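For reference, the structure discussed in these notes is given below.
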Amino acid sequence: MSKQVLRDGLIVTVDGADLQPSLASARANRIRDVEDKKAQAFKAGVQFTVGSDTKRFRVHPDRTQILLALVSQIDRGRGLPDGASTVPFEATDETIVQMTASQIEGSGGFADTYTAFVASAETAPITHIAAIKALTSVSAVLAYDITTGWPA
């Protein structure tokens with residue numbers, strides 16, 4: 001079976017064995033896979049345990065800003081807003097989880113866990129994309145494992 005395809009700006013006729021993508025096309029597709037994986041990681045959210053309840057929490061720039069503002073206020077000795085003893089956070093399952101200042105800002109607290117998650121979710125794609133760009137064959141690009149290095 002032969003087929004006409006566009007390759008490097010030219011229309012060429014190839015047989016079934018030659019229908020492998022170009023290196024540039026394979027790289028572009030694999031990089032899209034990495035970007036999709038990043039989006040999935042952010043959508044799944046960061047896992048954190050409050051008391052005996054383990055939940056996942058959405059990761060989003062707006063939520064990051066709120067968390068940073070809370071940490072700043074706690075660090076300045078001001079406690080939580082309006083003198084509250086807890087602040088509500090919505091989990092990905094839409095339940096509300098109340099967190100104290102020490103659960104948010106303490107060592108190993110939500111802020112530490114959240115920022116480590118974001119750092120990992122931002123670093124993993126950079127690492128994978130650089131590795132993909134360094135590969136020199138279509139087969140290596142297609143076989144490259146993009147599942148490592150992501151936050152849990």
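Note that these values count all heavy atoms, side chains included, but never hydrogens, waters or copies made by symmetry. Model, not experiment: these values are computed from the prediction. Sequence positions, counted from 1, serve as the residue numbers for this chain.
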Kindly say whether [Y] contributes a backbone atom to a donor-acceptor pair with the side chain of [X] at under 3.5 angstrom?
{"X": "Arg78", "Y": "Gln73", "answer": "no"}
{"X": "Thr115", "Y": "Ala111", "answer": "yes"}
{"X": "Asp82", "Y": "Ala84", "answer": "no"}
{"X": "Thr123", "Y": "Ser120", "answer": "no"}
{"X": "Arg58", "Y": "Thr92", "answer": "yes"}

To the closest 0.5 Å, what do you measure between [atom1] ([X]) and [atom2] ([Y])?
{"X": "Arg27", "Y": "Leu23", "atom1": "CZ", "atom2": "CG", "value": "4.0 Å"}
{"X": "Glu105", "Y": "Leu80", "atom1": "CD", "atom2": "CG", "value": "10.5 Å"}
{"X": "Asp75", "Y": "Leu68", "atom1": "CG", "atom2": "CG", "value": "10.5 Å"}
{"X": "Gln47", "Y": "Thr113", "atom1": "CD", "atom2": "OG1", "value": "10.0 Å"}
{"X": "Gln65", "Y": "Asp62", "atom1": "CD", "atom2": "CG", "value": "8.0 Å"}
{"X": "Met99", "Y": "Leu67", "atom1": "CE", "atom2": "CG", "value": "8.5 Å"}

With a 4.5 Å cut-off on side-chain heavy-atom distances among I, L, V, M, F, W and Y, is there a chain of contacts connecting [X] to [Y]?
{"X": "Ile66", "Y": "Ile74", "result": "yes"}
{"X": "Val59", "Y": "Val34", "result": "no"}
{"X": "Ile146", "Y": "Phe117", "result": "no"}
{"X": "Leu142", "Y": "Ile129", "result": "yes"}

Please give me the minimum heavy-atom distance between [X] and [Y], naming the atom from each residue.
{"X": "Ala91", "Y": "Phe57", "value": "CA-CD2, 3.8 Å"}
{"X": "Gln98", "Y": "Gln103", "value": "O-OE1, 3.8 Å"}
{"X": "Asp145", "Y": "His128", "value": "O-CE1, 3.6 Å"}
{"X": "Val138", "Y": "Ala26", "value": "CG1-CB, 4.1 Å"}
{"X": "Tyr144", "Y": "Arg30", "value": "O-NH2, 2.6 Å"}

Just wondering, do [Y] and [X] contact through their side chains at under 4.5 Å, heavy atoms?
{"X": "Val50", "Y": "Lys55", "answer": "no"}
{"X": "Pro81", "Y": "Val87", "answer": "yes"}
{"X": "Lys133", "Y": "Ile31", "answer": "yes"}
{"X": "Phe42", "Y": "His60", "answer": "no"}
{"X": "Asp53", "Y": "Thr95", "answer": "no"}

*Applying ring pair (Phe, Tyr, Trp, His ring centres under 6.0 Å), run through Phe89 and Phe110 and close with a yes or a no.*
CA-CA 10 Å; Phe89 286 87; Phe110 185 62; 5.2 Å; yes

*Taking atom CZ of Arg56 as the centre, report whether more than 12 heavy atoms of other residues, nucleotides or ligands fall under 6.0 Å from it.*
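Yes, the 6.0 Å shell around CZ holds more than 12 heavy atoms from other groups.
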
